[in-house]
Amino acid sequence: MSEFDAALGGFIISALRSSTPLLWVLLGEILTQRVAVVNLGVEGQMLAGALAGFAATLATGNPWLGLVAGVAAGMALSSLHALLCVGLKANAFASGLAVWMLGFGLSAFYGIPFVGQKINGFQALSPGALERIPILGTFVTQITPTVAMAILASPLLGWWLYRTRTGLSFRAVGESLSSAKALGLKTARVQALGILAGGAFSGMGGAALSVDYTRNWVEGMTQGRGLVAVGLVIVARWNPFLAIPAAMLFGGAEALTLRMQTSGVPISSHLLHTLPYLASLAVLVLSYTRANKEGGTPAGLGAVFSQSQ
Amino acid sequence: MIVPLAKDPPGTATAEAPGKDPMNGAAQASPLPAFSRPKKPGISGFPIPGLVKRIRKLPGVTVIAAALGFLLLGSVFFLAVGQPPLATFWAMIKGAFGDGYSLSETLVKTAPILLCAIAAALPARLGLISVGGEGQLYIGALFGTGVVLAFHTSPMYALLPAMLLASAAGGAAWALIPAYLKARMNVNETITTLLLNYVASLFVDFLVYGPWKDPNNLGWPATIGFPPAAKLPALFGTRAHIGLIFGLVAAVALYVLTARTRWGTCLRLLRSNRRVAEGIGLNYGRQAILVMCLGGMLAGVAGICETSAIQGRLQSGISNGMGFSGFLVAWMAGGDFLRIIPLSLLLGGLLASGDSLQMFAGLPSSASLVLQGLLFACVLAAGSLKAGRGADRV
């Protein structure tokens, strides 16, 4: 393998690793928006998941339990969003911001004793024989469990959404609430499930960030990944199959940022760090112009977005 | 709107939008009543629904419900962290309004919240949910500081107005990006404003860690201290500053402008029915840009006020969530510019008492963020008491 190939492979792996937390959240927000609910609170849910995951891993020494704790924390916080905007019909954007504030505040509050602590996290996958496969081998040995699970979860969710009966009920609710109701679907329950699923995935994303990627806890450590995910859902066109390339946009920009920093490019790291946000914004705008022409938005969700007009 | 709503006849789409759906609107409108299960079958014959309806109609019931809910959840939070709830609330009230010093600290926090609340409430007049106060505040501070650094030997009568104008221009420029994207391409303004907040704070970090860093200030990332000529005047010899006056004037002026002028009517028309309003010649895009940029100007001024009057230099993390607190205030006020004033004072008190909580109870400053989140949740829940009306405030 030439030096260039190795560098490229290394880049792809680091891009994958840095986009994994985002990919989890993105998949969750796709599920939530599929039932015609927008959840800006994923940012707070991620933070709750990151703290819970880190704390559980530190306490038990088992990163898998950390992931479970992260999922639980994300779901707990998202149930508030479900209560407010499905149960009480509050505005989804405002309710999401409330969830975000709570998640940020609670995780910062309870996270103080964990600042500066370190955990070991997962060991890289080393499935013996796979290592000897020429190109794929180096790939497989360098990715961690959360990366592998996220890559598998994306097509699985896509299959579930488009090929199963329950997936169909999600899509029906997202297209037209009243038609779904007329079909006998319990729409409020489906919407609440969509929000809770989003909570579980965003909590997982937060835990993947703190337990597997950075292996520490810092106040506000998600740095807008959840909000980026809300924007990238539109880029992925509400399609779990397209979630990986969409998440790689942010992750790739982030990996590029880190790489340029270490290779001594004379640009301020603060300016470089704007790159992931600006890249996400740019593709968001591009996909809006496409979506305006071609459609693809769940119709009920289009009504939510246009509600503010 | 991302997609033309061609699949559904107009009307159904808006009726279905979650959040706009009145409590029982969907059930009544259903053409097949057999499919709509009766809600709460056990209670439907009981006089309680009538009572609930009557309670809902009482004036101020949402305010009382939100306040009670907040006190309850706040008490639960205080109990969870091992503090006596009543004593802690009392300490907060004293910490916010107890004496001259705490009152002046409350006013210090009120000023940026008031300006940022207007920056969120004005776009809301057009139905826009702008959460960009934070970023506009940063860029306003950045532009204003740029003027101060470039002309720091100028006399006060020239420097202060130039600094304020630059900060207003900076905030407006930052708000112009989401406004333009909304007006031209219908890109959702909530998402773009939120993402741009991160970019704005990174720009400020870049400058205070890099080109603008005071070389004599080893380690601490900040610009040089502002010269006395760039200090905004304080009010009554306290730390409270003239930004508060700017906010009060802007709130009253915008109240009059939106309530009494053709422009206010134009905004109302565009908000309630964009298609009809555009049919009679009103320009949605132009108004969207106007309200967003006016709001951005005010948030930008909030940024330079905080920098010049309180911190005395531009440094990283100046805002500390003021933009979001402002958004919360705007939401609580239902976009009413006069109600924003007392509510900003209330939230300013909450933030100022966060500092005294730190001393009284050893609670970290993030406690006030938790309390704000609880307050927001209670306001939203109470808003749904007024069926159908609480849904689309702001």
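Predicted model, so just to flag it, every value in this text is computed and none were measured. Numbers restart at 1 for each chain; the letters A, B, ... are given by sequence-line order, proteins then strands.
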| For the atom pair CE (A:Met101) and CG (B:Leu328), what is the distance rounded to the nearest 0.5 Å? | 5.0 Å

| request: For this output row, return yes or no: ring centroids of A:Phe93 and B:Phe327 closer than 6.0 angstrom. | output: no

| message | Looking at every non-hydrogen atom in both residues, tell me the closest pair between B:Leu194 and A:Trp100 and how far apart they are. | response | CD2-CZ3, 3.5 Å

| request: Using side-chain hydrogen bond (donor to acceptor under 3.5 Å, both in side chains) as the criterion, list what pairs up with B:Ser319, not counting sequence neighbours. | output: B:Glu134

| said: Need one label for A:Leu275: side chain, backbone, both or neither, based on atoms under 4.5 Å from any heavy atom in chain B. | reply: neither

| field | Working for side-chain contact (heavy atoms from CB on, under 4.5 Å), residues A:Leu97 and B:Trp331 | value | CA-CA 11 Å; A:Leu97 286 170; B:Trp331 195 276; over 6 Å; no

| message | To the nearest 0.5 Å, what is the distance between CG on A:Leu284 and CG on B:Leu181? | response | 8.5 Å

| query | What distance do B:Leu369 atom CG and A:Glu219 atom CD have between them, rounded to the nearest 0.5 Å? | reply | 8.5 Å

| message | Heavy-atom cut-off 4.5 Å, strictly under: side chain, backbone, both or neither for B:Val131 against chain A? | response | side chain

| query | Around B:Asn320, counting heavy atoms of other residues, nucleotides and ligands shown, do more than 12 lie under 6.0 Å from its CG? | reply | no

| Taking every heavy-atom pair that is under 4.5 Å apart, which of B:Val199, B:Leu371, B:Asp205 has the most such pairs with chain A? | B:Asp205

| query | Rounded to the nearest 0.5 Å, how far does OH of A:Tyr277 lie from CG of B:Leu196? | reply | 11.5 Å

| query | Below 4.5 Å, heavy atoms only, C-beta onward: do A:Leu106 and B:Phe77 meet side chain to side chain? | reply | yes

| request: Against chain B, work out which of A:Ser107, A:Ala94, A:Ser95, A:Ser287 has the most heavy-atom pairs shorter than 4.5 Å and name it. | output: A:Ala94

| said: In the structure I gave you, are the side-chain heavy atoms of B:Ile129 and A:Asn91 within less than 4.5 Å of one another anywhere? | reply: yes

| query | Between atom OG1 of A:Thr274 and atom CG of B:Leu195, what is the distance when rounded to the nearest 0.5 Å? | reply | 12.0 Å

| Inter-residue atom distance A:Leu278.CG - B:Tyr198.OH, 0.5 Å rounding | 14.0 Å

| query | A:Leu227 and B:Ile191: side-chain contact (heavy atoms from CB on, under 4.5 Å), yes or no, with the steps? | reply | CA-CA 7 Å; A:Leu227 302 171; B:Ile191 298 171; over 6 Å; no

| query | Can you list the residues that meet the side-chain contact (heavy atoms from CB on, under 4.5 Å) rule with B:Ser201, with sequence neighbours excluded? | reply | B:Tyr138

| Where B:Ala377 and A:Leu84 come nearest, the two heavy atoms and their spacing | O-CD2, 3.7 Å

| remark: Most contact-rich option vs chain A, by heavy-atom pairs under 4.5 angstrom, among B:Leu375, B:Leu374, B:Val370, is B:Val370

| task | Determine, stepwise, if the pair B:Leu380 / A:Leu88 fulfils side-chain contact (heavy atoms from CB on, under 4.5 Å). | result | CA-CA 8 Å; B:Leu380 286 169; A:Leu88 297 171; over 6 Å; no

| task | Check whether any side-chain N or O of B:Tyr209 sits under 3.5 Å from a backbone N or O of A:Ser269 as a donor-acceptor pair, and report yes or no. | result | no

